Amino acid sequence: MTNNQYINAYKKTQQSSNVVTSSHEIVRTLMKELVNSMQKIVLDIQEERKRKQDQFSIDKDFEEKNARHRSKNLSKSLSIIYGLQTSLDFDKALEISNNLFQLYEYCRHEIIKGFSQKIEGGILKAIDVMNQIMEGWEKIPSFERQ
């Protein structure tokens with residue numbers, strides 16, 4: 001690497017560290033990423049169904065790459081849910097934490113079911129749940145965002 005490349009890499013790192021300023025912001029970012037990866041799973045399911053309906057003959061290399069791509073979105077979604085669940089503070093807010101845990105668990109279940117059965121309906125419902133949680137998260141007053 002040249003000096004300019006090191007400097008640019010450092011600047012990018014510095015910029016990214018400034019983006020996330022609080023635990024509230026981290027959770028918000030995780031939720032957005034979760035919805036994004038869930039939407040990708042839905043698109044993958046729909047695309048696969050369309051290919052089967054159109055009866056395209058696809059080579060094995062393409063299928064393997066596509067399967068890895070789908071698995072990546074699944075893994076990312078499940079990892080984010082795990083991160084959200086483990087970040088809950090049951091000591092400070094037991095009822096809210098229990099409710100959020102159950103909602104995250106619902107989303108996890110729907111993602112796994114939809115991915116394995118190639119049905120996007122449950123995942124779309126889980127996306128709606130996450131969007132509602134994010135709306136509520138956005139309404140938290142800034143002085144309470146610790």
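The model shown is predicted, which means the values in this text are computed figures rather than measured ones.
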Please determine whether residues [X] and [Y] belong to a single hydrophobic cluster, defined as Ile, Leu, Val, Met, Phe, Trp and Tyr linked transitively by side-chain heavy-atom distances below 4.5 Å.
{"X": "Leu124", "Y": "Met38", "answer": "yes"}
{"X": "Ile81", "Y": "Ile26", "answer": "yes"}
{"X": "Leu43", "Y": "Val35", "answer": "no"}

Which heavy atom of [X] sits nearest to which heavy atom of [Y], and what is that distance?
{"X": "Leu84", "Y": "Leu30", "value": "CD2-CB, 3.9 Å"}
{"X": "Tyr106", "Y": "Lys125", "value": "OH-CB, 3.5 Å"}
{"X": "Cys107", "Y": "Val129", "value": "SG-CG1, 4.1 Å"}
{"X": "Ser97", "Y": "Leu88", "value": "O-CD1, 3.4 Å"}
{"X": "Ile111", "Y": "Ser77", "value": "CD1-CB, 3.9 Å"}
{"X": "Ile133", "Y": "Tyr104", "value": "CD1-CE2, 4.1 Å"}

Heavy-atom side-chain contact between Glu48 and Asp44 under 4.5 Å: no

Validation row: Arg108, Tyr82 side chains within 4.5 angstrom (heavy atoms):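 No. Closest side-chain heavy atoms not under 4.5 Å.
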
When rounded to the nearest 0.5 angstrom, what distance separates [atom1] in [X] from [atom2] in [Y]?
{"X": "Ile119", "Y": "Arg49", "atom1": "CD1", "atom2": "CZ", "answer": "8.0 Å"}
{"X": "Thr29", "Y": "Leu34", "atom1": "OG1", "atom2": "CG", "answer": "12.5 Å"}
{"X": "Ile80", "Y": "Lys32", "atom1": "CD1", "atom2": "NZ", "answer": "13.0 Å"}
{"X": "Lys76", "Y": "Asn73", "atom1": "NZ", "atom2": "CG", "answer": "7.5 Å"}
{"X": "Leu100", "Y": "Asp89", "atom1": "CG", "atom2": "CG", "answer": "12.0 Å"}
{"X": "Glu120", "Y": "Ile45", "atom1": "CD", "atom2": "CD1", "answer": "6.0 Å"}

Lys118 to Phe115 six-membered ring, cation-pi geometry met (6.0 Å, 45°): yes

Under-4.0 Å salt bridge between Lys50 and Glu47: no

